[in-house]
Engineer: 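Take a look at this one; I'll ask things after.
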Amino acid sequence: MAKIAYYNGQYGPHSQAMVHIDDRGYQFADGIYEVCLVIGGRYWDMEGHLARMERSLGALRIRMPMGVAALKVVMNEVLRRNRLGDALVYIQVTRGVAPRNHPFPADEVAPALIMTARRFDLDQSDAQAAKGVGVITAPDIRWGRVDIKSISLLPNVLAKQAAVEAGAVETWLVRDGKVTEGSSSNAWIVTADGVLITHPKGHDILGGITRETALACAKDLQMRVEERAFSISEAQKAAEAFITSATNLVTPVVEIDGVKIGDGAPGRIALRLREAYKERARRVSGT
Ligand code: PDD
């Protein structure tokens with residue numbers, strides 16, 4: 001079955017989906033995106049993703065391409081037309097099409113919305129979580145507003161490529177001696193006495209929707225949490241480590257820069273949180 005995408009206000013074959021060469025996303029990375037996880041035909045954390053999308057657009061002074069209710073219709077229609085149960089849906093909004101010039105277009109242009117979907121293999125993700133993943137570290141060379149989910153991702157791309165070349169799954173980014181987050185996920189550690197630690201929200205991390213749900217799960221499970229920065233050496237001495245994102249859910253980290261974390265096996269708390277996350281996301285998922 002041909003994959004279907006939403007672009008230029010219509011649904012059509014993914015392979016033929018084209019956008020204008022003067023799209024400001026293409027020329028300036030002038031836009032934002034969201035990646036949403038869908039399990040069993042239902043969006044996980046949909047409201048959170050939509051709220052963040054509005055926030056990111058507001059920060060860049062790009063208007064919403066359509067109302068939230070209409071967006072939900074398109075999000076569900078993309079799933080339906082691709083006959084997907086478990087999926088990752090990519091949503092991108094750019095400032096629109098205008099002759100190349102740095103300032104915002106003087107004339108009102110319509111924001112350009114695209115949406116694509118691809119199959120997500122939950123079994124494969126579970127298998128990866130059961131084994132745990134390795135991460136490497138690199139300097140965080142990104143701009144000062146990474147809380148905006150901008151499509152300007154070059155430093156993230158370079159960091160992720162470095163991970164792949166090192167046989168790892170993620171790169172944790174380090175600024176002023178502290179881990180901010182991963183190239184496409186949030187970073188967590190668990191201390192010897194079971195306290196979960198993750199960088200606080202602010203301009204220097206993306207406030208992950210999965211991070212938010214994981215925090216809520218940790219609270220439900222009466223786990224102790226500290227939202228504070230940690231160093232690589234603290235992480236390497238931690239009892240456990242893990243990453244969160246729509247694409248990884250909660251995935252244990254078993255190695256940081258070649259150093260084994262704990263006994264080198266996925267941590268008990270991380271795995272428990274992963275189960276709790278799946279349970280909670282199923283319960284509150286929207287369509
Ligand atoms: N990335 N930090 C960064 C830099 C990210 O790019 C992401 C998500 C996250 C986690 O956010 P969330 O829990 O809302 O997925 C944190 C997506 C999945 C991506 O770029 O593919």
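Start at 1 and go down the list; that is how both ligands and their atoms are numbered.
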Engineer: Evaluate the side-chain proximity of V19 to Y26: yes if any heavy-atom separation is below 4.5 Å, no if none is.
Structural biologist: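 A side-chain contact is absent here, since even the closest heavy-atom pair is not under 4.5 Å.
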Engineer: Taking D140 for the side chain and V179 for the main chain, is one N or O donor matched with an acceptor at less than 3.5 Å?
Structural biologist: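 No, D140 side chain to V179 backbone: no donor-acceptor pair under 3.5 Å.
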Engineer: I'd like to know if E181 pairs up with R142 as an ion pair, taking the criterion as any Lys NZ or Arg NE/NH1/NH2 lying under 4.0 Å from an Asp or Glu carboxylate oxygen.
Structural biologist: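 A salt bridge is present here (some side-chain N lies under 4.0 Å from a carboxylate O).
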Engineer: Is it the case that E165 and Q161 place a side-chain donor and acceptor less than 3.5 Å from each other?
Structural biologist: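 Judged by distance alone, the side chains do pair up.
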Engineer: Can you tell me if S56 uses its side chain to pair, donor with acceptor, with the backbone of R52 under 3.5 Å?
Structural biologist: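 Yes; at least one donor-acceptor contact below 3.5 Å.
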Engineer: Examine distances only and state if a side-chain atom of R274 and a backbone atom of V250 form a donor-acceptor pair shorter than 3.5 Å.
Structural biologist: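 Looks like yes, one N/O pair under 3.5 Å.
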Engineer: Return a table of N or O atom pairs, ligand 1 on one side and protein on the other, at distances under 3.5 Å, rounded to 0.1 Å.
Structural biologist:
| from | atom 1 | to | atom 2 | distance (Å) |
| --- | --- | --- | --- | --- |
| ligand 1 | 1 (N) | K149 | NZ | 3.3 |
| ligand 1 | 1 (N) | S184 | O | 3.4 |
| ligand 1 | 2 (N) | E181 | OE1 | 2.6 |
| ligand 1 | 13 (O) | I209 | N | 3.3 |
| ligand 1 | 13 (O) | T210 | N | 2.9 |
| ligand 1 | 13 (O) | T210 | OG1 | 2.6 |
| ligand 1 | 14 (O) | R52 | NH1 | 2.9 |
| ligand 1 | 14 (O) | R52 | NH2 | 3.0 |
| ligand 1 | 14 (O) | I209 | N | 2.8 |
| ligand 1 | 15 (O) | A246 | N | 2.8 |
| ligand 1 | 20 (O) | Y33 | OH | 2.6 |

